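Numbers restart at 1 for each chain; the letters A, B, ... are given by sequence-line order, proteins then strands. Keep in mind the model is a prediction, meaning the values are calculated, not measured.
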Amino acid sequence: MFDWSVITQNTDLILKGLLITLYYTVVTTVLGLAIGLIIALAQLTRISAIHWSGRLFVEFFRNVPLLVWLLWSYYALPIFLGINISKQLAGILALSLYGAAYYAEILRAGIQSLDKGQSDAARALGMSTGQAMQRIILPQAFRRMIPPLAGQTIIQMKNTTLLSVITVPDLLYQAGYISSFTYRPMEVYTAIGVVFLIILIPSNYLARKLETHNS
Amino acid sequence: MKVKISQHMFNVLAAFVVLCVASVQSAFAADPNTVLDRIRGSGELRVPVMVGEEPGYIRDRDTGEWGGFYMEWANEIADLLGVKAVPVETTWGNLAADFQAKKIDIAFGLNPNPKRGLVVDYLSVPLFTDAWAIVTKPGFDKKSWSALNDPSVKLVVQKGGTMQVVAEALTPKAEMIVVEERPLGVLEMQAGRADAMVLAIFDAVQVAKQIDGEIILPTPMLLNPATIGLAREEGNEGYENWLTNWVNQQRALGLAQGKLHKAFEEHGIDLSMLPPEFSF
Amino acid sequence: MNMTSKKEGQPLVSIKGLSKSFGSHKVLRNIDLDVHEGEVVALLGSSGSGKTTLLRCINLLEMPDHGEIEIGGNAIFKCSGEGQSRSSISQKQVNALRSRVGMVFQHFNLFPHMSVLGNVMEGPRTVLKEDAGKNRERALDYLAKVGMSEFADRRPDRLSGGQKQRVSIARALNMCPKVMLFDEPTSALDPELVGEVLETMMTLAKEGMTMIVVTHELGFALEVADRVVFLNEGCVEADGPPSDVLLHPDNERVQSFVNRFHATAELMRPLLQES
């Protein structure tokens, strides 16, 4: 019934796809966290304009499907602004900004969940806001945010599969490609699912270990 | 002090204004060579390529290089223009957007589609003609469109493709299964949930080979002209004209038809099931 | 912020006409308060009297609405009256001020992600950018002073409340402040742990540290404070030596407050006199 030779004969393509998927996952997660941190901090200031810019960013990117953002980045920028953008850049842009909106909310909630006394003690010693953030607030906030951050990163990795729509050769693209000349989509998509499991289950386990080690 | 403008004066003024506007407009009327010049100036003819479209587009699995008869035509056209054919990978669904975003200069094998025609210009001459066929399991005996137009028949079509339009037009009574991609349609056949898949004859021979199925050209035979598309923009008249002439020449000399025959034979596909009166 | 250039007799901390509202609720009404170098002032009053807010205004953790605050002769807050614009100092100067004013909180607020020693060293390390060697040496000295030397490498979550508070006192001291502010330092402690903290504070007082202490411990106020300031609904009701204010109150509100604690105070006195 199942012909697994289509997998064994094409492991090189699957591996290429996996590398691309991992590349985009790592890059957009790191960028997403960095941008998300800025947006989170923006929402915590008292300066109205900055605060509301942060809120707007989050609302925009969380409430529009990622696929739409992806196609927008790749096609709308050239059509409306005449900026020609490569699919790699469009993919990184859309995925990072989308992830950033979610990371921002996790980070903001984490920072706000800290006891106000910590910030009081830091300020009472004479620390500037920057010093208090860097030495006292963020290290503690990050520790408690590891579970939701890990969860969001797993979602990020699954989100990268949308890149196949603009023909970035990720795992899902390779799945479509291999199906197209083997006509065995069942085997191919099963194999892709297994690859995701192999990557994500250990990552989840690591994340939990990180969480218990730090609490 | 009131000034009365005499009727004569008014006519002179009006004529003057019209002349000014006309001369300004003609100064802005686009030069039909604009697009051709742009392509030749850039040194590139950007061609959309996609996977799953063999033998039209064939990607070498190991080197990643693109070939196939669409690519060959692209290379020929590029040579004539004195530029290089540059493949831009995309999907059928994204073609209109690619044109709008100016990512591609030409597209092959398009069926004239009124909706897409709102943003894309089609050549009025077909580059080749294929026909609509169905792939079935051996033993299926409905061979005409009217026979297929029956509630007991389960047809599978690819979403958004012209085959969906054809099926909805000719076999509305049949049960329709719409799939995202061709291999999923093959699955439906293999699972026994569909009796037949509607495909253009090129694709039909591919699928039939994979599942050991049969190809039937339902009667009356429905031809499917495929042509070339280009972006609708000002100044593309020269480009469109030039391509039309090239197509006409390719067909008059039998070059287009010959290329397709050769491509299918090389791909190991037997074209003998096509009726003798059919020609690409 | 230079805190030593002052004329003889001038108070270290000088507060005039301080007012603060939270929304429509007036918490501080025109408070006047002077604290001289070496003085220990106990701030007493029932909850909601504004004593914690007053304390937090001194190091600008709360921003007052109007009034004047001078520390070491330098005006750190000045806003003449209703509707007048505020001439405050820059954030950098605020931070510098806070580094010279130590604060001990009711709920300790130790940094849980650092060791005890790390907590004590944090201030000079990050704020004063001090060299690690000197910092560490002095930090260990202060830990010894509060009796917590053997806990230097422990995490705060392993300590009892009284131990945590003593560490937080060492943390504040390591900045070598001129003034120490205490916000109900023993209110969150189990009764048997209160004594160790009060002892530490008494030692500090004896050594001449200028201290402003918000507290409910009348015994401490009687025994250690030079002055007691009694607040009620944002106003200063009494300001004088503890024996006057607490034992011979001429004010009805102070009297009723004291009555509630009188029994405890009587009990505490012999215990304190012994030590």
Side-chain angles (χ1 to χ4, degrees), chain A residues 1-3 6 9-17 20 67-68 70-91 161-192, chain B residues 42 44 46 48-64 66 68 87-104 119 135 158 179-191 197 203 206-213 231 233 267-268:
Chain A
M1 239 293 286
F2 276 123
D3 176 14
V6 301
Q9 284 166 5
N10 293 301
T11 44
D12 59 327
L13 287 175
I14 295 177
L15 268 157
K16 276 194 206 167
I20 298 283
L67 184 56
V68 174
L70 194 55
L71 292 170
W72 255 76
S73 306
Y74 187 49
Y75 287 115
L77 284 181
I79 295 177
F80 294 118
L81 297 176
I83 308 172
N84 203 354
I85 184 171
S86 72
K87 55 192 179 187
Q88 291 81 359
L89 210 58
T161 57
L162 285 173
L163 289 169
S164 54
V165 169
I166 54 172
T167 66
V168 170
D170 76 322
L171 265 174
L172 217 72
Y173 170 93
Q174 298 292 7
Y177 179 45
I178 299 172
S179 304
S180 75
F181 60 79
T182 62
Y183 282 86
R184 296 229 148 237
M186 265 327 299
E187 290 85 328
V188 175
Y189 285 103
T190 304
I192 300 302
Chain B
S42 74
E44 289 183 347
R46 293 162 308 161
V49 293
M50 41 198 100
V51 294
E53 291 295 321
E54 300 176 358
Y57 292 113
I58 304 176
R59 190 170 78 172
D60 187 307
R61 194 193 168 296
D62 302 310
T63 68
W66 291 92
V88 174
E89 189 167 1
T90 183
T91 64
W92 273 116
N94 291 346
L95 268 185
D98 288 318
F99 271 124
Q100 261 192 305
K102 301 204 190 335
K103 289 189 195 277
I104 55 178
V119 292
V135 178
Q158 198 174 338
V179 294
E180 283 285 337
E181 292 171 354
R182 207 182 305 155
L184 294 175
V186 172
L187 267 181
E188 295 286 329
M189 299 271 294
Q190 288 175 323
M197 187 164 177
D203 305 321
Q206 286 269 18
V207 173
K209 190 170 140 199
Q210 285 287 336
I211 65 167
D212 289 326
E233 48 182 330
H267 221 63

Heavy-atom side-chain contact between A:Asn84 and B:Lys103 under 4.5 Å | yes
Expected contact set for residues 76-83 of chain A against chain B at heavy-atom separation under 4.5 Å reads A:Pro78, A:Ile79
- Item | Heavy atoms of other groups near A:Trp72 CH2, more than 12 under 6.0 Å | no
Next item on the list: Show your working on side chain to side chain contact (heavy atoms under 4.5 Å, CB included) between A:Phe181 and B:Val51 and close with a plain yes or no.
Entry: CA-CA 9 Å; A:Phe181 60 79; B:Val51 294; over 6 Å; no
Residue from A:Leu71, A:Val165, A:Asn10, A:Ile166 scoring the most non-hydrogen pairs under 4.5 Å with chain B is A:Asn10
Closest heavy-atom pair, B:Arg61 versus A:Asp12, reported as atoms and distance to 0.1 Å, is NH2-OD1, 2.6 Å
All heavy atoms of A:Thr167 vs all of B:Glu89, minimum pair found to be OG1-O, 3.1 Å
Original post:
Side chains of B:Asn94 and A:Tyr74: do they bring a donor and an acceptor to under 3.5 Å?
Top reply: no
